[in-house]
Amino acid sequence: MARFFRTTTVLLLAAGTALAACTGPAPESGTTAAGTPASSSGPAQSSGPAQSSGPAQSSGPAQSPGTVQSSDPAQDPPTGWGPLASDAAAARAAVAQMDLEEKAGQVLVDHYSGTDPEAQLALARKLHLGGVMIMGGNVPTTGTSAADTDKLARVVAGFQKVLSDGRDWPGIVAVDQEGGMVQRLKQPLTEWPAPMALGAAGDPALTRRAQAAMDAELARLGFTMNFSPVADVTTGASDPTIGSRSFGDDPDAVAGHTVAALAGALDAGVLPAVKHFPGHGSVATDSHVGLPVQESSLRELSARDWVPFRDAVKAGAPMVMMGHVSVPELEEGVPASLSAASYRALEGLGFSGVAVTDALNMGAVTASYPQGRAAVEALRAGADLLLMPQAIAPAHAAIVEAVRSGEVPAARLDEAAAKVGTMMLWQQRLAASASASAPASGEASGEGPDRPRVPPAAPGAGRDVGLEAARSAVTVVTGKCDGALVSGKLRIEGGTPQDRARLRTAAGKAGLDVAGSAASSGKETLVRLLGSGTATGTGDIVVALDAPWGLAGSTARTARIALYGRTPESFAALADVLAGKAEAPGKLPAGAGRYPRGAGCP
């Protein structure tokens with residue numbers, strides 16, 4: 001069977017692979033250099049796997065960011081979400097030769113505990129899994145607790161060898177690396193401020209470069225997928241889950257940054273997942289714990305939460321994550337990730353790529369759908385990729401039994417498995433293009449100067465971009481906009497020990513005199529660090545390290561500052577503003593109490 005996969009796919013992909021080696025990705029349609037939506041002549045007909053049910057699929061624009069296009073689109077047209085018709089045909093042919101157990105494994109992405117992958121490797125081989133998710137607890141570390149990137153690369157390579165065995169496409173080795181509070185891989189990789197920092201910077205071109213730099217470091221380690229960017233529009237302090245993971249509270253601005261981040265990921269050859277449809281930033285329950293209920297009407301959702309998803313689909317998003325949010329107007333009491341009506345709503349935006357569930361081991365699902373039941377319900381509803389079931393073996397067995405019994409049509413599983421294979425065939429070619437030698441400055445790459453190829457990068461290679469993002473984000477919400485904000489010695493309170501240590505180091509480099517642990521007799525400026533988005537405090541200067549909501553309830557005699565990050569680069573940017581060595585160009589990307597969106601220095 002493996003020989004059949006090789007023969008069939010090589011014949012179908014020979015022309016496309018050769019072209020990729022020569023020309024790189026073709027020009028992006030529907031986006032500008034900054035990754036923001038541009039006018040389009042309309043969608044082209046999708047040539048991916050046919051839907052077994054639901055409305056007719058729209059394929060989005062004729063070309064998506066990063067697509068490697070045939071020299072003869074009439075013979076090998078793009079699907080509208082990244083891959084080519086030849087990718088879809090090759091995947092369908094391969095899936096047709098799989099047995100039921102192999103197909104069931106193809107649509108599952110598992111997770112595991114600890115840093116020893118051996119048991120998970122055996123399980124992945126036994127169940128023919130499509131992929132594995134690397135969480136923070138899986139990352140091997142050095143004696144200093146930093147990630148051991150050499151060992152991690154070997155772990156990823158080991159999974160890739162097992163996951164791709166017998167297939168012509170790479171396995172899914174995925175990670176959650178958004179920046180801010182959600183980044184599983186930290187030093188020596190670049191640490192990134194929260195996505196809200198990029199919203200404060202207000203420059204989609206910077207967002208694109210930051211995402212590309214982040215994903216280039218992941219590509220170097222062998223990752224093929226990053227569950228990022230977050231397209232949710234936050235509603236502020238009432239949003240307990242997304243917060244600074246969002247680019248902001250303005251739907252159009254969030255859409256611009258989402259599309260830019262999507263483009264940046266594809267520049268680096270790593271698959272992005274736009275998340276969490278139908279929108280998690282406007283509900284008051286954390287889906288890790290319980291089932292959020294979206295009280296807004298579909299009209300309200302379309303005008304707010306769905307704007308970034310709609311624009312991402314138009315830009316050719318290959319994958320959208322379905323969140324565990326119930327929308328009563330679609331299907332009351334059922335998480336969107338398990339709701340056929342919710343998948344139809346996503347298709348109604350023109351989406352025809354891979355729909356992936358949020359992790360199926362979260363509280364919003366496990367309370368009502370034990371063992372493998374959630375996987376069956378999600379697949380039947382329209383999911384193509386099932387992420388992190390509560391227990392993988394029961395989920396796999398439940399899918400097999402559901403297909404055998406007719407509860408899930410065999411065609412639905414075939415469609416899902418083929419879509420995943422189609423996407424991974426394209427990712428393989430996309431990554432090869434990103435790894436090719438980048439053209440000289442100003443030289444055409446086969447897709448115009450606005451579509452750079454970003455090759456895999458060493459851990460920490462993105463720190464300059466991280467520093468630029470941090471400097472561009474610092475927002476003085478109240479206080480003077482020029483000159484030093486610190487008089488006398490700087491006293492630091494609040495935050496974590498690491499936060500305080502990083503600010504002390506940065507302040508010293510900026511020439512500030514930092515007070516010791518005991519109160520001094522001279523003049524001091526107290527800087528209070530707020531560690532969470534809703535925390536409040538009192539000081540001469542109050543700094544929100546996460547979301548800025550707590551600034552409204554804080555007492556600050558000199559200044560209120562939003563930083564949106566806790567990285568060394570974020571604290572370096574803050575120290576320079578405190579010392580009067582740099583301006584604070586950021587603007588609040590979301591309102592914080594009495595301080596409206598857009599507040600900041602002119």
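Side-chain contact between His276 and Thr241 is absent, with no heavy-atom pair separated by less than 4.5 Å. In this structure the side chain of Val274 reaches within 4.5 angstrom of the side chain of Thr258, judged on heavy atoms. Looking at Met424 and Leu271, their side chains come closer than 4.5 Å, going by heavy atoms from C-beta outward. Counting heavy atoms from C-beta outward, Gln187 and Pro568 have side chains that approach closer than 4.5 Å. A 4.5 Å side-chain heavy-atom check between Val320 and Leu346 finds at least one atom pair inside the cut-off. For the pair Val465 and Trp192, the minimum side-chain heavy-atom distance is below 4.5 Å. With a 4.5 Å cut-off on side-chain heavy atoms, Leu379 and Leu413 count as touching. The side-chain heavy atoms of Leu185 and Phe223, taken from C-beta on, include a pair separated by under 4.5 Å.
For Ala216 against Pro455, the heavy-atom pair with the smallest separation is CB-O, 3.5 Å. His324 and Ser287 get closest at one heavy-atom pair: O-CB, 3.7 Å. Nearest heavy atom pair, residue Pro229 against residue Gln211, reads CB-OE1, 4.5 Å. Across all non-hydrogen atoms, the minimal contact from Asp311 to Ala255 is OD2-CB, 3.4 Å. What you find for Ala418 and Ala91 is that their closest heavy atoms are O-CB, 3.4 Å. The minimum heavy-atom distance linking Pro272 with Ala265 is given by the pair CB-CB, 3.8 Å.
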### Query
For Glu178 and Lys275, what are the C-alpha separation, side-chain angles and deciding distance, and is it a side chain to side chain contact (heavy atoms under 4.5 Å, CB included)?
CA-CA 11 Å; Glu178 300 171 6; Lys275 61 187 189 183; 2.8 Å; yes
### Task
Carefully, step by step, assess Thr505 and Phe571 under the rule side chain to side chain contact (heavy atoms under 4.5 Å, CB included).
CA-CA 9 Å; Thr505 298; Phe571 285 113; over 6 Å; no
### Task
For side chain to side chain contact (heavy atoms under 4.5 Å, CB included), just list the numbers for Asp384 and Met423, CA-CA rounded to whole Å, side-chain angles, deciding distance to a tenth of an Å, and then say yes or no.
CA-CA 11 Å; Asp384 303 304; Met423 178 177 67; over 6 Å; no
### Query
Does the side chain to side chain contact (heavy atoms under 4.5 Å, CB included) test come out yes or no for Leu123 and Gln120, once each step is laid out?
CA-CA 5 Å; Leu123 194 58; Gln120 186 63 30; 4.2 Å; yes
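Looking at Arg380 and Glu377, a side-chain N of the basic residue comes within less than 4.0 Å of a carboxylate O on the acidic one, giving a salt bridge. Between Arg245 and Asp176 there is no salt bridge, since none of the side-chain N atoms of the basic residue sits less than 4.0 Å from a carboxylate O of the acidic one. For Lys419 and Asp414, the salt-bridge test fails: no basic side-chain N is under 4.0 Å from an acidic carboxylate O.
Taking NE2 of His128 as the reference point, atom CD of Gln106 lies at 11.0 Å (rounded to 0.5 Å). Remark: Ile172 CD1 to Met133 CE distance equals 11.0 Å, nearest 0.5 Å. In this structure, CD in Glu415 is found 12.5 Å from NZ in Lys103, a value given to the nearest 0.5 Å. The CG atom of Asp232 sits 4.0 Å away from the CD1 atom of Ile242 when rounded to the nearest 0.5 Å. With rounding to the nearest 0.5 angstrom, the CE atom of Met196 is 11.0 Å from the NE2 atom of His257. For the atom pair CZ (Arg154) and OG1 (Thr149), the distance works out to 9.5 Å, reported to the nearest 0.5 Å.
Thr357 places a side-chain N or O within donor-acceptor distance of the main-chain N or O of Leu387, the cut-off being under 3.5 Å. The closest donor-acceptor contact from the side chain of Asp87 to the backbone of Leu84 lies under 3.5 Å. Of the possible polar contacts, one joining the Asp76 side chain to the Ala85 backbone as a donor-acceptor pair under 3.5 Å is found. Of the possible polar contacts, one joining the Thr496 side chain to the Asp499 backbone as a donor-acceptor pair under 3.5 Å is found. At least one donor-acceptor pair closer than 3.5 Å links the side chain of Asp99 to the backbone N or O of Glu102. Put simply, the side chain of Asp148 never gets that close to the backbone of Pro140: no donor and acceptor are under 3.5 Å apart. Judged purely by atom type and a 3.5 angstrom limit, Thr234 has no side-chain atom pairing as donor or acceptor with the backbone of Ser244. Side-chain atoms of Arg208 do not come within 3.5 Å of backbone N or O of Val259 as any donor-acceptor pair. Side-chain N or O atoms of Glu217 include none that pairs as donor or acceptor with a backbone N or O of Met214 at under 3.5 Å. Judged purely by atom type and a 3.5 angstrom limit, Gln177 uses its side chain to pair as donor or acceptor with the backbone of Arg184.
Within 6.0 Å of the CE atom in Met181, the count of heavy atoms belonging to other residues, nucleotides or ligands does not exceed 12.
Relative orientation of the Phe277 and Phe309 rings is perpendicular, given thresholds of 30° and 60° on the angle between their planes.
Donor-acceptor pairing under 3.5 Å is lacking for the side chains of Asp358 and Ser337.
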